[in-house]
There are 2 protein chains.
Amino acid sequence: MKMSGGVEWALHCAVVLSAADRPVPAVRLAELHDVSSSYLAKQLQALSRAGLIRAAQGHAGGYELARPADGITVLDVVEAVDGAQPAFTCTEIRQRGPLATPPEACLRPCPIARTMSVADQAWRAALRAVTVADLAQEVTGDNTDAFTVLRGWLTA
Amino acid sequence: MKMSGGVEWALHCAVVLSAADRPVPAVRLAELHDVSSSYLAKQLQALSRAGLIRAAQGHAGGYELARPADGITVLDVVEAVDGAQPAFTCTEIRQRGPLATPPEACLRPCPIARTMSVADQAWRAALRAVTVADLAQEVTGDNTDAFTVLRGWLTA
DNA sequence: CTTGACTCGGACACAATGAGTCCGAGTAGA
DNA sequence: TCTACTCGGACTCATTGTGTCCGAGTCAAG
């Protein structure tokens, strides 16, 4: 049960991009967070493939949000970077061994798989309830000047 | 976000042990589910270390539940096998880089970590709400003779 | 009491996945 | 046209999970 460490970077980048008014290169995002630019690029590519951010190449290119920040949930970012498949996968071991359950009695998933699925749904619902815009507002919060400082640093 | 595959085995074993009235060796549990006995032993050792099952050595030894089945939650088993630490770990990258947030403003976890924590709590709460006894009752359900068949196979 | 066989427990290899890096293709501007 | 800058995918290495093995301990039977 270990989530990819790149999820944290991707979420921070999404929050930063929500404050930018022009494309931001991956290198700049990397030095802002003091992380490896080569590896951060991989996470941004994942976000791009998922359609969350849009990439612009060439001079003055970079990344920008493909949608408004309030239309991108935390779950979107997590699934884009870490994969969308559930953590638990049922291998149907109840249908194996000497006391195997007959297939006609396995039309529904076993109770264990159902329990795991319910927990997974709860987890996803909690992440779907928060958007990048919510995160950005909480980050800035009271000191609104931090917002302008960040925007200034991005354009410089 | 991949959970250890041994969690499924451990949960099935817990359900089986709730039906047994005497210690069951790991080898028997393994052939019942048609899985590697050597690897299943590792999962059972994890459950034993967590105090969920009790091991009896020597002739006619084996594993048995250390507590009543309704006192063991699915979360207990998951944490015992897969570890209890949350999937997301905040590395505090907000305190790094040229625009680092000053430490006096970081008394509380950042919004990203908070969101992840809430989702994690929801996930754990869902798993804590189901006990091994609940699983056993759902498995047997209408056909109660399967219960006696299983118990007979275990003692044979 | 001795013997024996059976059990768990931890220590030991192997494979798969994630972390991290690098260079080439493409593009916008000068 | 040229140059410099950007992304994108391919490559390598470390870490973790998967799977296996043998020795220490223990209970029951003779």
Original post:
Starting at the 5' end of DNA chain D, which residue's closest nucleotide do you reach first, A:G58 or A:R49?
Top reply: A:G58

For residues 18-26 of chain B, run the donor-acceptor check on the side chains, cut-off 3.5 Å, and write out each pair with its distance to 0.1 Å, sequence neighbours left out.
unit_1	atom_1	unit_2	atom_2	d
B:S18	OG	B:V15	O	2.5

Original post:
Which whole-number value in Å describes the distance from A:H59 NE2 to C:dG26 C1'?
Top reply: 15 Å

**OP:** Please check if atom CZ in A:R54 has more than 12 non-hydrogen atoms from other residues, nucleotides or ligands closer than 6.0 Å.
**Re:** no

Original post:
What is the distance from CD of A:Q85 to C1' of C:dG18, rounded to the nearest Å?
Top reply: 14 Å

Original post:
Tell me: CD of A:E8 to P of C:dA19, nearest whole Å?
Top reply: 12 Å

**OP:** Please work out if B:A55 contacts a base, only the sugar-phosphate, or nothing of the nucleic acid, heavy-atom cut-off 4.0 Å.
**Re:** sugar-phosphate

Original post:
At under 4.0 Å between heavy atoms, what does B:G5 touch on the DNA or RNA strands: base, sugar-phosphate, or nothing?
Top reply: sugar-phosphate

**OP:** Would you please say whether a donor-acceptor pair under 3.5 Å links the side chains of A:D145 and A:T148?
**Re:** no

Original post:
Does any residue of residues 13-48 of chain B have a heavy atom under 4.0 Å from DNA chain D, and if so, which ones, in number order?
Top reply: B:S36, B:S38, B:Y39, B:K42

Subject >> A:R128 charged N/C atom sitting above A:W123 aromatic ring, 6.0 Å / 45° >> reply: no

Original post:
If you find the nucleotide of DNA chain C closest to A:M3 and the one closest to A:Q57, which residue's nucleotide is nearer the 5' end?
Top reply: A:M3

Original post:
How many Å lie between CH2 on A:W9 and P on C:dG18, as a whole number?
Top reply: 16 Å

Original post:
Are A:E31 and A:S37 close enough, and set up right, to give a side chain to side chain donor-acceptor pair (under 3.5 Å), and what steps lead you there?
Top reply: CA-CA 7 Å; A:E31 61 177 317; A:S37 63; over 6 Å; no

**OP:** In whole angstrom, give the distance that lies between atom NZ of B:K2 and atom C1' of D:dT15.
**Re:** 17 Å

Original post:
More than 12 non-hydrogen atoms from neighbouring residues, nucleotides or ligands closer than 6.0 Å to CZ on B:R67, yes or no?
Top reply: yes

Original post:
Which residue lies toward the 5' end of DNA chain D, A:G61 or A:M1, if each is placed at its nearest nucleotide?
Top reply: A:G61

Original post:
Quick one: B:E64 CD to C:dT7 C1', roughly how many Å, whole number?
Top reply: 14 Å

**OP:** Sequence neighbours left out, what passes side-chain contact (heavy atoms from CB on, under 4.5 Å) with A:D120? Give chain and number order.
**Re:** A:P86, A:R124

